[in-house]
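Here the structure is a predicted model, which is why all the values come from computation and not from measurement.
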Amino acid sequence: MTTASLRALLNQSIDYAGMFPPCSLALEQAIKNHAQYVRSTDSWVLGGFVLSIGQFDAARQFLSEFDPLHPLRVAALGPKTANADAFLDALEGADAAIRSLSSNVDLVSISHLEMFLPNEADSALLEEARVILGDLPVFLEAPPERVQQTIALLAEHNSNAESATFGFKLRTGGVTADAFPSSGQIAAALVTPATHQLPIKFTAGLHHPIRQFRDEVKTKMHGFLNVLGAAVLAAEHRWDAHQTATMLEDEDADSFFFTDDFFAWREWKISVERLQYRRRFVRSFGSCSFDEPCEDLRALGFL
């Protein structure tokens with residue numbers, strides 16, 4: 001039986017990104033995989049299907065793979081733009097595409113939109129973006145050198161809004177060693193006070209539960225239990241960056257404990273109730289595989 005704390009930590013946590021590297025599947029295969037996953041016993045772990053705005057029209061022909069009890073939940077991916085004007089134009093196009101695809105109300109829902117924020121972004125640009133998108137949740141990404149500044153900008157905007165509709169998207173890996181941020185870089189983002197009330201999701205490189213060296217990328221890949229666990233525990237216990245990095249770098253699965261009452265890493269605990277609260281802000285991670293994370297969790301005896 002899956003423990004209550006594991007369910008609380010991983011509920012709808014994996015946004016399936018089968019069309020993206022290293023899997024790089026064709027749309028048809030990826031969307032048919034997703035249709036199987038929404039009907040599987042592991043469907044509770046499944047979040048959205050990562051689909052670029054440019055592929056919305058092509059995806060329509062595969063909507064028959066879904067039904068009202070098993071709809072397609074889309075994590076929409078917008079284009080990367082060069083400046084603020086192009087960003088707003090792209091949002092207009094994304095909004096139109098989302099409204100059109102969402103007209104299939106029994107078969108499709110849009111969980112959120114992901115976009116790369118231009119460097120000159122400020123509060124005025126966010127206000128214009130919100131006017132365009134309404135209350136659709138949006139996760140905005142920035143380059144590594146602008147992470148802290150962007151988190152602060154989004155948090156300030158959310159504090160003046162009725163609901164926290166802007167979140168931050170943190171890149172945690174890629175297909176080459178240089179694409180993986182250090183544990184210190186991830187920790188710095190997770191312990192920023194603004195992050196604790198800012199929705200955050202992660203993308204790339206989180207294929208395995210526990211941090212480990214992987215020959216295919218010639219470096220150590222971050223574990224999704226490390227990252228999600230550190231995000232909730234750092235906020236709950238007000239960790240500093242050093243403590244957070246220590247958890248991110250732990251390669252021992254025996255350090256992680258899941259019961260029906262609490263989740264713990266070493267001596268640090270969080271109750272299921274508090275974990276559910278923290279997951280309002282620690283949302284999900286993108287993975288090109290859904291089977292691999294679930295198989296790894298079973299191999300560890302967690303699932």
Under 4.5 Å between side-chain heavy atoms, counting indirect links through other Ile/Leu/Val/Met/Phe/Trp/Tyr residues: same cluster for [X] and [Y] or not?
| X | Y | result |
| --- | --- | --- |
| Leu228 | Phe256 | yes |
| Leu170 | Phe139 | no |
| Leu154 | Val191 | no |
| Phe262 | Met247 | no |
| Val272 | Leu233 | no |

Cation-pi between [X] and [Y]: NZ/CZ under 6.0 Å from ring centre and within 45° of the ring axis?
| X | Y | result |
| --- | --- | --- |
| Arg130 | Phe166 | yes |
| Lys220 | Phe213 | no |
| Lys80 | Phe116 | yes |

Using 30° and 60° as the class boundaries, would you call the ring planes of [X] and [Y] parallel, tilted or perpendicular?
| X | Y | result |
| --- | --- | --- |
| His34 | Phe66 | tilted |
| Phe290 | Tyr37 | tilted |
| Trp239 | Trp268 | perpendicular |
| Phe281 | Tyr277 | perpendicular |

Short N-O contact, [X] and [Y], less than 4.0 angstrom:
| X | Y | result |
| --- | --- | --- |
| Arg266 | Asp252 | no |
| Arg171 | Glu141 | yes |
| Asp261 | Lys269 | no |
| Arg7 | Asp260 | no |

[X] vs [Y] side-chain heavy atoms within contact, under 4.5 Å:
| X | Y | answer |
| --- | --- | --- |
| Val74 | Leu72 | yes |
| Pro71 | Asp106 | no |
| Phe62 | Leu27 | yes |
| Phe168 | Pro199 | no |
| Phe49 | Ile31 | yes |
| Ser109 | Ser102 | no |
| Glu120 | Asn83 | yes |
| Pro144 | Pro181 | no |

Could you tell me if [Y] and [X] have a donor-acceptor pair between their side chains, going purely by distance under 3.5 Å?
| X | Y | value |
| --- | --- | --- |
| Ser111 | Arg283 | no |
| Thr165 | Asp135 | no |
| Asn11 | Trp44 | no |
| Gln148 | Thr192 | yes |
| Glu156 | Asn160 | no |
| Gln276 | Arg278 | no |
| Asp15 | Ser284 | yes |

Nearest 0.5 Å please: distance from the [atom1] atom of [X] over to the [atom2] atom of [Y].
| X | Y | atom1 | atom2 | value |
| --- | --- | --- | --- | --- |
| Ile98 | Leu113 | CD1 | CG | 5.0 Å |
| Leu101 | Ile110 | CG | CD1 | 5.0 Å |
| Lys169 | Thr150 | NZ | OG1 | 13.5 Å |
| Leu46 | Leu10 | CG | CG | 12.0 Å |
| Cys288 | Asn33 | SG | CG | 11.0 Å |
| Phe224 | Leu9 | CZ | CG | 9.0 Å |

If I compare all heavy atoms of [X] with all of [Y], which pair ends up nearest, and what's the gap?
| X | Y | value |
| --- | --- | --- |
| Gln55 | Leu51 | CB-CD1, 3.8 Å |
| Ala82 | Ala86 | N-CB, 4.3 Å |
| Pro209 | Asn226 | O-OD1, 3.4 Å |
| Pro293 | Ile14 | CB-CD1, 3.8 Å |
| Glu292 | Arg214 | OE2-NH2, 4.4 Å |
| Thr41 | Arg298 | OG1-NH2, 4.2 Å |

Closer than 3.5 angstrom, by distance alone: can the side chain of [X] be matched with the main-chain N or O of [Y] as a donor-acceptor pair?
| X | Y | value |
| --- | --- | --- |
| Asp67 | His70 | yes |
| Glu92 | Ala90 | no |
| Gln29 | Ala26 | no |
| Ser52 | Leu77 | no |
| Asp240 | Gln243 | yes |

Is atom CZ of Arg99 surrounded by more than 12 heavy atoms (other residues, nucleotides or ligands) closer than 6.0 Å? no

For the CD atom on Glu273, are there more than 12 heavy atoms of other groups (residues, nucleotides or ligands in this structure) within a distance under 6.0 Å?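 Count not over threshold, so no.
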
Given the rule in the side-chain contact (heavy atoms from CB on, under 4.5 Å) test, do Lys201 and His112 qualify, once you have shown the distances and angles that lead to the verdict? CA-CA 11 Å; Lys201 70 159 297 183; His112 63 268; 3.9 Å; yes

Residues Phe302, Phe258; criterion ring-ring contact (aromatic ring centres under 6.0 Å, His included); working and verdict: CA-CA 8 Å; Phe302 292 146; Phe258 295 95; 5.1 Å; yes

Let's go through Val45 and Ser13 carefully: what are the C-alpha distance in whole Å and the side-chain angles of both, what is the deciding distance for side-chain contact (heavy atoms from CB on, under 4.5 Å) to 0.1 Å, and is it a yes or a no? CA-CA 6 Å; Val45 187; Ser13 65; 3.8 Å; yes

Could you identify which residues cluster with Val217, counting Ile, Leu, Val, Met, Phe, Trp and Tyr as linked when any side-chain heavy atoms lie under 4.5 Å apart, either directly or through a chain of such contacts?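 Phe180, Met221, all in the cluster of Val217.
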
Using side chain to side chain donor-acceptor pair (under 3.5 Å) as the criterion, list what pairs up with Asp178, not counting sequence neighbours.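 Expected list: Thr176.
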
Quick one: list whatever passes ring-ring contact (aromatic ring centres under 6.0 Å, His included) with Phe20, sequence neighbours left out.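 Per chain and number, Phe20 pairs via ring-ring contact (aromatic ring centres under 6.0 Å, His included) with no residue.
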
Are Ser289 and His207 close enough, and set up right, to give a side-chain contact (heavy atoms from CB on, under 4.5 Å), and what steps lead you there? CA-CA 7 Å; Ser289 174; His207 300 174; 5.6 Å; no

Stepwise, does the side-chain contact (heavy atoms from CB on, under 4.5 Å) test hold for Ile151 with Leu198? CA-CA 8 Å; Ile151 287 174; Leu198 182 73; 3.8 Å; yes

